[in-house]
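Shown next, in structure tokens, is the structure this report addresses.
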Amino acid sequence: MPDSVIQVRELVKKYNGRTPVLDGVSFAVGEKDLVMVYGMSGCGKTTLLNIIGGLDRPTSGEVMVDGESIVGLTEDGLAALRLEKVGFVFQDYNLLPDLTVRENIALPLRFSKRKEEGRVDRLLETFGIKGIADETANRISGGEAQRAAVARAMTNEPRIILADEPTGNLDEENTENVMGIFGLLRDEFGTTVVMATHDKELAAHATKRIVLSGGKATTD
């Protein structure tokens with residue numbers, strides 16, 4: 001599929017020769033899709049996202065990101081992939097607690113060749129956190145922290161966001177807010193989002209659902 005942003009083909013991942021966590025997983029993700037990877041704890045959701053994002057390597061199979069095979073990339077090549085094309089959002093936010101919200105969002109610019117050019121202020125405005133820009137990350141709420149984490153993931157304008165249980169620590173209201181933000185990423189930025197979750201109720205937000213069970217994947 002030439003218009004697929006992500007293609008996964010016959011992906012297998014084993015740890016220490018044990019039963020595969022992923023066993024022949026295949027699917028494609030299109031531009032601006034919001035894909036839910038659903039399954040119970042331990043089914044391989046995080047492993048799958050880590051392989052797509054170049055944080056882990058498969059035992060076998062193929063992964064194409066933006067038309068490029070990433071399986072044979074060097075560590076430097078994978079680092080460049082994460083810096084330029086893939087942003088990550090985690091359940092635990094992973095903000096640096098002693099930095100301000102503004103400083104956390106600007107952090108990826110230290111490692112890229114992109115200029116700031118008002119980018120951070122635009123993200124603060126877009127995600128509704130301008131009022132807490134100068135607060136340290138350890139003084140903001142969970143909902144605010146997740147918005148800041150999404151904004152940080154967008155700083156280098158990646159084509160893909162990989163979100164691992166991003167609403168796992170949030171209440172119902174903040175969960176809806178964060179899902180609205182992912183919709184904004186698609187509509188305003190044209191970003192493709194792949195989100196791992198064990199919450200069936202979030203499936204209503206998805207354009208595609210991938211269910212992981214017993215190492216296998218089914219799509220609906």
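In this text, all values refer to a predicted model and were calculated from it rather than measured experimentally.
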Scan [options] and name whichever one has a side-chain contact (heavy atoms from CB on, under 4.5 Å) with [X].
X      : options                    : result
Thr126 : Leu185, Val150, Leu184     : Leu184
Val86  : Ile70, Leu81, Asp66, Leu49 : Leu81
Thr197 : His205, Glu165, Gln91      : Glu165

Stepwise side-chain contact (heavy atoms from CB on, under 4.5 Å) test for Tyr38 and Lys200:
CA-CA 7 Å; Tyr38 170 79; Lys200 283 185 177 180; 2.9 Å; yes
Does the side chain of Ser60 pick up a donor-acceptor pair with the side chain of Glu10 at under 3.5 Å?
no
Checking side-chain polar atoms at under 3.5 Å, does Thr207 have a donor or acceptor matched by the opposite partner on Asp33?
yes
Group every Ile, Leu, Val, Met, Phe, Trp and Tyr by side-chain heavy-atom contacts under 4.5 Å, then state whether [X] and [Y] land in the same group.
X      : Y      : value
Leu96  : Phe111 : yes
Val37  : Leu202 : no
Leu170 : Leu162 : no
Val71  : Phe27  : yes
Ile140 : Leu99  : no

[X] side-chain N/O to [Y] backbone N/O, donor-acceptor pair under 3.5 Å:
X      : Y      : result
Arg152 : Asn94  : yes
Asn16  : Arg18  : no
Lys216 : Gly24  : no
Arg159 : Glu31  : no
Arg82  : Phe88  : no
Asn50  : Leu55  : no
Lys45  : His198 : no

Report yes if some heavy atom in the side chain of Lys85 is under 4.5 Å from a heavy atom in the side chain of Ile160; otherwise report no.
no
Going by heavy atoms in the side chains, are Asp98 and Thr136 under 4.5 Å from each other?
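No, every pair of side-chain atoms sits at 4.5 Å or beyond.
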List the steps and the verdict of side-chain contact (heavy atoms from CB on, under 4.5 Å) for Lys13 and Ile51.
CA-CA 9 Å; Lys13 179 63 178 181; Ile51 291 173; 4.1 Å; yes
Any ion pair linking Asp121 and Arg102 (charged N to carboxylate O, less than 4.0 Å)?
yes
Short N-O contact, Arg139 and Glu144, less than 4.0 angstrom:
no
Assess the residue pair Val35 and Ile6 against the criterion (side-chain contact (heavy atoms from CB on, under 4.5 Å)); give the C-alpha distance rounded to whole Å, side-chain angles, the decisive distance to 0.1 Å, and a yes or no.
CA-CA 11 Å; Val35 177; Ile6 300 168; over 6 Å; no
To the nearest 0.5 Å, how far apart are [atom1] in [X] and [atom2] in [Y]?
X      : Y      : atom1 : atom2 : value
Asn156 : Leu107 : CG    : CG    : 10.0 Å
Arg186 : Thr192 : CZ    : OG1   : 8.5 Å
Thr47  : Leu22  : OG1   : CG    : 6.0 Å

Run the side chain to side chain donor-acceptor pair (under 3.5 Å) test on Glu62 and Ser69 for me, step by step, so that the C-alpha distance in whole Å, both residues' side-chain angles and the decisive distance to 0.1 Å come before the verdict.
CA-CA 7 Å; Glu62 180 66 273; Ser69 174; 2.6 Å; yes
Derivation of the salt bridge (charged side-chain N to carboxylate O under 4.0 Å, His left out) call for Arg57 and Glu75
CA-CA 10 Å; Arg57 293 184 183 270; Glu75 291 302 319; 3.0 Å; yes
Lys14, NZ: over 12 other non-hydrogen atoms inside 6.0 angstrom:
no
